[in-house]
Colleague: 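This is the structure I want to talk about, given as structure tokens.
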Amino acid sequence: MQEIPKTYDPSGVEDKWYKTWEEQGCFKPVARDKTKPPYVILMPPPNVTGKLHMGHALDHTVQDILIRFKRMQGHETLWIPGQDHAGIATQAKVEQKLFKEQGLSKHDLGREKFLEHIWAWKEEYGDHILNQFKKIGDSCDWDYFTFTMDEGPSDAVKKFFVDLFDEGLIYQSDYIINWDPVLQSAISDAEVDHKEVQGKFYHIHYRVKESNQVLEIATTRPETLFGDTAVAVNPNDDRFEHLIGKMAIIPLVEREVPIIADPHVDMEVGTGCLKVTPGHDFNDYDIGKRADLEILNILNKDGTLNENAPQVQGLTTKEARKKTVELLETANQLVKVEDHTHQVGHSQRSDAVVEPMVSKQWFINTEEMAKRSVTDVESEAMKFVPKGWENTYFSYQRNPRPWCISRQLWWGHQIPVFTCNSCGHQFASTEQKPHCSKCSHTEVTQDPDVLDTWFSSGLFPLSTLGWPNPEKMKQKGFDRFYPSNVLVTGFDIIFFWVARMMMMGTKVTNKVPFSDTYIHAIVRDKEGKKMSKSLGNVMDPLELIQETGCDAMRFTLAVSSGYNRNINLDPAKIEGYRNFVNKIWNAFRFIAPHLENATDEAIETADLHHHEKWILSELNEVIKEVTLKFDDYRFDEACNTIYQFVYEKYCSWFIELSKGVLNSNNESLKAQRANVLRFCFRQIVKLLHPVTPFITEELWQFLKREDEDLIVIQKYPEYNPDHTFTEDVDNMEKFIEVITSIRNLKNTVNISPKEEIEVRLFTDDEKLASYLYKSRGFLKELARVKAGKIKDKSIERPAKSVMKATAHTEIFLPLDGVIDIANFVEKLKKDKDKAEKDFQKVEKKLKNPKFMENAPEDIVKKVKAEAHEFEEKLKSIEHSLENFQ
RNA sequence: GGUCGUGUAGCUCAGUGGGAGAGCACCUCGUUGACAUCGAGGGGGUCACAAGUUCAAUCCUUGUCACGACCACCA
């Protein structure tokens with residue numbers, strides 16, 4: 001056998017295995033166990049502009065664990081990768097690049113040329129993030145890879161649009177929307193960031209017609225007065241009641257508008273008087289609807305003022321604000337200016353101040369779909385994990401607003417609505433160049449706008465499986481793979497994406513698109529701060545992989561991931577789990593030379609040594625637990641369970657206890673031990689494979705039988721009722737406690753661990769006594785015991801000794817060689833205090849008649865047993881202590 | 001203002017109606033063969049605070065305080 005290096009070096013190993021898996025088609029859906037249903041995950045498609053960050057690393061680690069786990073369990077697994085064209089994000093990026101490198105705007109190029117540029121950009125950079133996904137081990141089926149602008153998803157978009165259009169659920173309407181004057185497009189509410197801005201409160205006088213009175217109105221946006229079509233007060237406001245119904249005169253424009261009453265007006269805020277600009281304010285728009293006010297648009301598409309604001313026409317809103325204030329001052333109608341901090345909406349993409357504007361847009365009436373999407377979660381047809389996230393979902397879906405789906409961009413799916421050049425008929429069609437559906441005229445004009453990005457990603461669960469093309473659906477296995485099992489994502493797109501998929505998927509198929517939604521945490525830095533470029537605390541997954549290996553990173557993310565909201569990722573933690581990966585490597589180095597002695601995986605339970613029974617029993621429980629926890633999305637508990645077993649049970653005890661056997665001359669015992677060591681280790685690497693795929697595949701090559709294939713498609717370990725040995729586990733636990741106590745005692749009195757000493761054990765547990773006797777060789781080996789005696793507690797304890805008491809065994813060491821008596825006495829006193837407290841606590845319970853009456857029988861029994869133990873322990877400590885006073 | 005969440009060891013966080021846990025950090029000891037990316041042992045907590053329910057509360061209920069996230073509003 002060749003030399004195995006002392007430390008595991010992941011470089012080289014990782015790429016090698018990924019390539020092998022892919023080449024051998026391991027990621028393709030194959031039903032290895034026909035009795036199990038398919039298991040499908042749809043990968044949240046990254047933006048073409050995307051770059052791998054820790055969020056992806058976590059998101060994908062979780063999905064890959066689930067897919068690999070289910071694949072090994074025999075399910076036909078499919079993990080579908082994809083990519084999103086990300087309308088605004090991509091267009092903005094390419095626009096910037098064009099301007100920076102060539103000084104060109106998209107208008108210089110025209111729509112067609114500009115789109116060519118975006119496609120070229122996509123070809124060049126689009127693969128970047130996908131290659132990064134391979135580095136983190138994603139076992140997705142790349143043959144299913146789908147881009148939202150591919151022909152298939154485009155057909156899905158058209159089909160869905162046309163169906164809803166014909167149903168009357170898609171309509172065009174004037175509505176107040178967020179307008180980004182830089183991108184010159186409508187953007188959705190969720191694409192608006194509200195930022196705190198230091199602004200001013202301008203108090204302005206509005207005269208009241210046929211009256212001497214003036215109304216003082218406070219506003220932060222005086223330039224919008226050109227668009228005012230009313231002044232509103234609260235209906236219950238005594239101060240202004242008499243003015244309701246009269247007319248107010250807007251300064252500068254001298255236009256008369258009605259004074260109306262509306263409950264939205266807050267009497268406490270500002271002056272209690274509100275100028276109403278339905279064309280450029282969301283609340284005013286609603287007031288305007290209620291009062292049937294005229295809507296006056298005072299802005300151009302680029303955000304400058306238009307002809308409806310003659311005095312400031314052509315100026316930007318910022319310039320216009322300044323000018324308006326000057327004009328008001330000149331006209332003596334500006335009362336005062338106050339400092340005022342308030343929130344102002346900014347475009348996420350361009351950072352421009354968002355201007356609310358009324359414009360003609362396309363909308364989906366989501367009312368019915370949203371209702372259904374709520375009941376589907378209420379009935380748990382789709383379950384959120386952790387459950388609490390459903391509240392976030394409900395808060396959106398219970399109050400659905402019309403979904404504005406049109407965007408004034410070029411990059412995206414053009415809206416399939418056409419207007420006949422001849423008869424003016426407007427209709428939707430899935431065809432590229434349809435004839436007028438009314439007069440059959442061939443000249444029709446398509447709506448220039450494109451659809452919101454989420455329109456196509458909302459259809460992804462369907463379109464990635466070939467919908468609406470029947471042939472492709474058959475080829476891709478739509479009926480088998482829809483709906484999928486779980487969606488794994490972050491909370492930030494519950495509304496954007498999860499809700500949309502729920503509505504759209506259900507609308508088309510009448511089935512929810514996935515049965516679970518696992519919402520994972522946000523990865524933050526070790527201090528809990530969000531990772532951001534400006535803070536300089538961004539961790540790059542690829543760098544981490546380089547430094548510590550992909551498996552260590554994946555294990556760290558998994559072990560940090562349960563039902564929590566934040567993961568504070570400390571590099572020291574990753575290093576710790578890197579060490580764990582290395583530990584496994586070294587455990588393998590230990591067993592490697594003995595593998596040739598191992599004959600077969602089959603373990604004959606009848607003739608097993610009690611240590612072997614113990615480890616098999618422990619392993620069996622681990623298998624049970626891990627399987628349960630993965631199914632529950634408790635990656636933290638699953639990983640911790642494996643970690644504890646490997647470290648504490650397998651390495652620290654089983655391997656240590658095996659050294660003597662393996663160095664002996666008893667060939668049959670050696671072979672059997674090698675068998676068990678190998679069996680357990682094979683199970684361990686299989687258990688770990690979903691989390692740490694690379695090292696486990698590497699080790700598997702040395703562990704597999706000749707007829708066995710790659711680990712990635714091995715059968716996941718299953719609970720085996722034959723491997724339950726309660727008595728051996730019980731004995732072993734006590735044995736470990738005795739050994740630990742001896743080591744502890746030696747340490748307390750400053751005897752070197754190496755030094756061999758005599759030890760006397762006293763126990764009334766006959767089974768344990770005989771077990772300890774049987775294990776005297778191991779006691780000698782592991783606790784450095786020279787000679788020992790095991791007696792029952794009726795025997796007088798040695799006077800000149802130091803001692804330690806456990807619940808079942810008292811341990812005595814002779815005083816010869818004891819260096820630090822004082823320390824021992826101090827410690828013994830502490831033990832006494834503890835035992836006293838423990839005893840009093842349970843004693844109190846037992847003396848309480850109410851406890852005896854009400855507590856369940858097994859609890860009473862347990863407490864009684866404890867009381868006995870504590871009392872024994874206390875007595876023996878006190879007895880021993882007397883010798884030192 | 002609304003919703004959700006958090007408060008447990010120095011740090012990061014699990015956990016349970018009946019004996020307070022892990023990792024890291026810290027202290028002591030230990031390198032000849034699996035592993036110093038290691039081993040053995042150890043110290044350390046009023047489970048935020050208060051009241052209530054209960055035989056029994058770190059856990060359930062209510063309130064208080066502190067912190068966080070999201071949503072809405074901010075004329």
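First the proteins, then the strands, lettered A, B, ... as listed; each starts at 1. Note that this is a predicted model, so its numbers are computed, not measured.
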Colleague: What distance, rounded to whole Å, do you find between the two C1' atoms, one in B:rC11 and one in B:rG44?
Modeller: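 B:rC11 and B:rG44 have their C1' atoms separated by 13 Å.
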Colleague: Quick one: which of B:rA34, B:rC55, B:rA22 gets closest to the side chain of A:Lys659?
Modeller: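 Per side-chain heavy atoms of A:Lys659, the pick is B:rA34.
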Colleague: Determine the interatomic distance between P on B:rG10 and the same-named atom on B:rC26; round to the nearest Å.
Modeller: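 Looking at atom P only, B:rG10 and B:rC26 are 15 Å apart.
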Colleague: At under 4.0 Å between heavy atoms, which parts of nucleotides 67-72 of chain B does protein reach? Answer with one letter per nucleotide, 5' to 3': B base, S sugar-phosphate only, - none.
Modeller: ----S-
Colleague: To the closest 0.5 Å, what do you measure between OG (A:Ser652) and CD (A:Gln644)?
Modeller: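 One finds 10.0 Å between OG of A:Ser652 and CD of A:Gln644.
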Colleague: Would you say the ring centroid of A:Tyr393 lies under 6.0 angstrom from that of A:Phe495?
Modeller: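 Here the rings of A:Phe495 and A:Tyr393 have centres that are no less than 6.0 Å from each other.
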Colleague: Take the protein atom CZ of A:Arg634 and the nucleotide atom P of B:rC13, then report the distance between them rounded to whole Å.
Modeller: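 Checked: the CZ to P distance equals 15 Å.
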Colleague: How close or far is atom P of B:rG5 from atom CZ of A:Phe384, stated in whole angstroms?
Modeller: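 To the nearest whole Å, that distance equals 15 Å.
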Colleague: Taking the ring of A:Phe635 and the ring of A:Tyr518, is the distance between their centroids below 6.0 Å?
Modeller: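 They qualify: ring centres under 6.0 Å apart.
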Colleague: Identify all pairs in which a protein N or O lies below 3.5 Å from an N or O of nucleotides 7-9 of chain B, and state each distance.
Modeller:
none

Colleague: Classify the nucleic acid contact of A:Arg398 as base, sugar-phosphate or nothing, counting any heavy atom under 4.0 Å across all strands shown.
Modeller: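 Contact class for A:Arg398: none.
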Colleague: Check residues 214-232 of chain A and write down every donor-acceptor pair under 3.5 Å in which the side-chain atom is one partner and the other belongs to a residue at least two apart or another chain.
Modeller:
| from | atom 1 | to | atom 2 | distance (Å) |
| --- | --- | --- | --- | --- |
| A:Glu216 | OE2 | A:His203 | ND1 | 2.8 |
| A:Thr219 | OG1 | A:Arg221 | N | 3.0 |
| A:Arg221 | NH2 | A:His280 | O | 2.6 |
| A:Glu223 | OE1 | A:Arg321 | NE | 3.0 |
| A:Glu223 | OE2 | A:Arg321 | NH2 | 3.0 |
| A:Thr224 | OG1 | A:Arg221 | O | 2.7 |
| A:Thr224 | OG1 | A:Lys275 | NZ | 2.5 |
| A:Asp228 | OD1 | A:Lys275 | NZ | 3.1 |
| A:Asp228 | OD1 | A:Thr277 | OG1 | 2.8 |
| A:Asp228 | OD2 | A:Tyr206 | OH | 2.6 |
| A:Thr229 | OG1 | A:Glu294 | O | 3.0 |

Colleague: What's A:Asp281 touching, base or sugar-phosphate or nothing? Going by heavy atoms closer than 4.0 Å.
Modeller: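 Since no nucleic acid heavy atom lies under 4.0 Å of A:Asp281, the category is nothing.
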Colleague: Round to the nearest Å and state the distance from A:His340 atom NE2 to B:rA75 atom P.
Modeller: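 The answer, rounded to whole Å, is 5 Å.
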Colleague: Please round to the nearest 0.5 Å and tell me the distance separating atom CE of A:Met357 and atom OH of A:Tyr285.
Modeller: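 Nearest 0.5 Å value for the CE-OH distance: 14.0 Å.
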Colleague: Centre of A:Phe590's six-membered ring, under 6.0 Å away, within 45 degrees of the axis: is that where NZ or CZ of A:Lys659 sits?
Modeller: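 Because its charged atom sits under 6.0 Å from the ring centre and within 45° of the axis, A:Lys659 does stack over A:Phe590.
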Colleague: Under 4.0 Å between any heavy atoms, over every strand shown, what does A:Lys746 touch: base, sugar-phosphate, or nothing? Just pick one.
Modeller: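 Answer is nothing: A:Lys746 stays at 4.0 Å or more from every strand.
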Colleague: Using the C1' atoms only, state how far B:rC73 lies from B:rC13, rounded to an integer number of Å.
Modeller: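 It works out to 36 Å between them.
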Colleague: What's the spacing between A:Glu836 CD and A:Leu874 CG if we round to 0.5 Å?
Modeller: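 Going from the CD atom of A:Glu836 to the CG atom of A:Leu874 covers 5.5 Å.
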Colleague: Pick the P atom in B:rG15 and in B:rC55, then give their distance to the nearest Å.
Modeller: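 So the two P atoms sit 29 Å from each other.
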Colleague: Mind checking whether A:Tyr8 and A:Asp551 have side chains closer than 4.5 Å, heavy atoms only?
Modeller: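 The answer is yes, as the side chains (C-beta and beyond) meet within the 4.5 Å cut-off.
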Colleague: Would one find a side-chain N or O of A:Asn568 under 4.0 angstrom from OP1 or OP2 of B:rC13?
Modeller: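 Yes, A:Asn568 has a side-chain N/O under 4.0 Å of OP1/OP2 on B:rC13.
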Colleague: Atom CD of A:Glu575 and atom CG of A:Asp570: how far apart are they, to the nearest 0.5 Å?
Modeller: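 That separation rounds to 9.5 Å.
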Colleague: When rounded to the nearest 0.5 angstrom, what is the spacing between CG in A:Leu557 and CE in A:Met553?
Modeller: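 Separation between the atoms: 6.0 Å.
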Colleague: How are the rings of A:Phe580 and A:Tyr577 set to each other: parallel, tilted or perpendicular (split at 30° and 60°)?
Modeller: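 Plane angle over 60°, so perpendicular.
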Colleague: For A:Glu216 and B:rA75, give me the distance from atom CD to atom C1', rounded to whole Å.
Modeller: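 Interatomic distance, CD of A:Glu216 to C1' of B:rA75: 13 Å.
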Colleague: From B:rC4, B:rA34, B:rG23, pick the nucleotide closest to the side chain of A:Asn391?
Modeller: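 Taking heavy atoms from C-beta onward, the closest nucleotide is B:rC4.
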Colleague: Would you measure the distance from the C1' atom in B:rC29 across to the matching atom in B:rG68 and give it in whole Å?
Modeller: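 Rounded to whole Å, the distance is 43 Å.
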Colleague: Want to settle it: does A:Ile217 or A:Glu637 sit nearer the 5' end of RNA chain B, counting the closest nucleotide to each?
Modeller: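 Looking at the nearest nucleotide for each, A:Glu637 comes out on the 5' side.
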Colleague: Taking the C1' atom in each of B:rC74 and B:rG5, what is the distance between them to the nearest angstrom?
Modeller: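 Those two atoms are separated by 25 Å.
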Colleague: Quick one: what's the B/S/- string for nucleotides 37-47 of chain B, heavy-atom cutoff under 4.0 Å, read 5' to 3'?
Modeller: BSSSSSSS---
Colleague: Between B:rC47 and B:rC60, how far apart are the two C1' atoms, rounded to whole Å?
Modeller: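 Each nucleotide's C1' atom is 16 Å from the other's.
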Colleague: So A:Phe654 and A:Lys649, do their side chains get closer than 4.5 Å, heavy atoms only?
Modeller: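 SC-SC contact between A:Lys649 and A:Phe654 ruled out.
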Colleague: Grab the CD1-P distance between A:Ile742 and B:rC29 for me, whole Å please.
Modeller: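 For the pair A:Ile742 CD1 and B:rC29 P, the rounded distance is 22 Å.
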Colleague: Does the side chain of A:His264 get closer than 4.0 angstrom to OP1 or OP2 of B:rA75 through an N or O atom?
Modeller: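 Result: no.
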Colleague: Say you pick atom C1' in B:rU16 and the same atom in B:rG21; how far apart are they, in whole Å?
Modeller: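 Straight-line distance between the two C1' atoms is 11 Å.
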Colleague: Does A:Phe491 have A:Arg565 sitting over its ring (NZ/CZ under 6.0 Å from centre, angle to axis within 45°)?
Modeller: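 Geometry flag: not set, cation outside 6.0 Å or 45°.
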Colleague: From A:Leu334 CG over to A:Leu328 CG, what is the distance, rounded to the nearest 0.5 angstrom?
Modeller: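 Rounded to the nearest 0.5 Å, the CG-CG separation comes out at 6.0 Å.
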Colleague: Take the protein atom CG of A:Asn234 and the nucleotide atom P of B:rA75, then report the distance between them rounded to whole Å.
Modeller: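 Checked: the CG to P distance equals 17 Å.
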Colleague: Return the polar atom pairs (N/O with N/O) between nucleotides 18-20 of chain B and the protein under 3.5 Å, or none.
Modeller:
none

Colleague: In whole Å, I'd like the distance from the CG atom of A:Leu557 to the P atom of B:rC13.
Modeller: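 Taking CG of A:Leu557 and P of B:rC13, I get 15 Å after rounding.
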Colleague: Could you tell me whether A:Asp492 contacts a base, only the sugar-phosphate backbone, or nothing, with contacts defined as non-hydrogen atoms closer than 4.0 Å?
Modeller: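 If one applies the 4.0 Å heavy-atom cut-off, A:Asp492 turns out to touch nothing in the nucleic acid.
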Colleague: With a non-hydrogen cut-off below 4.0 angstrom, is A:Val559 in contact with a base, only sugar-phosphate, or nothing?
Modeller: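 It contacts nothing in the nucleic acid.
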Colleague: Are the ring centres of A:Trp389 and A:Phe384 closer than 6.0 Å?
Modeller: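 They do not qualify: ring centres at least 6.0 Å apart.
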Colleague: Would you kindly check if the NZ (Lys) or CZ (Arg) of A:Arg398 is within the cone defined by 45 degrees around the ring axis of A:Phe394 and under 6.0 Å from the six-membered ring centre?
Modeller: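 Yes, cation above the ring, under 6.0 Å and within 45°.
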Colleague: For A:Met267 and B:rA75, give me the distance from atom CE to atom P, rounded to whole Å.
Modeller: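 Atom-to-atom, A:Met267 to B:rA75, this comes out as 19 Å.
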Colleague: Mind checking if A:Glu656 touches a base, just sugar-phosphate, or nothing, with heavy atoms under 4.0 Å?
Modeller: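 Here A:Glu656 touches the bases of the nucleic acid.
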Colleague: Could you check if a side-chain atom of A:Asn568 sits within less than 4.5 angstrom of a side-chain atom of A:Glu527, using non-hydrogen atoms only?
Modeller: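 Not in contact.
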Colleague: Taking the side chain as everything from C-beta on, heavy atoms only, tell me whether A:Pro278 gets closer than 4.5 Å to A:Lys289.
Modeller: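 Side-chain contact under 4.5 Å: no.
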Colleague: Which ranges of RNA chain B pair up as stems, where a stem means three or more consecutive Watson-Crick or G-U pairs with both distances under 3.5 Å?
Modeller: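 If one scans RNA chain B for consecutive Watson-Crick or G-U pairs, the stems found are B:1-7 with B:65-71, B:10-13 with B:21-24, B:26-30 with B:38-42, B:48-52 with B:60-64.
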Colleague: Quick one: label A:Gln343 by what it contacts on the DNA or RNA (base, sugar-phosphate, nothing), any heavy atom closer than 4.0 Å.
Modeller: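 Counting heavy atoms under 4.0 Å across all strands, the contact made by A:Gln343 includes a base.
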Colleague: Can you name the one residue among A:Glu737, A:Glu869, A:Lys734 that meets side chain to side chain donor-acceptor pair (under 3.5 Å) with A:His808?
Modeller: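 Passing option: A:Glu737.
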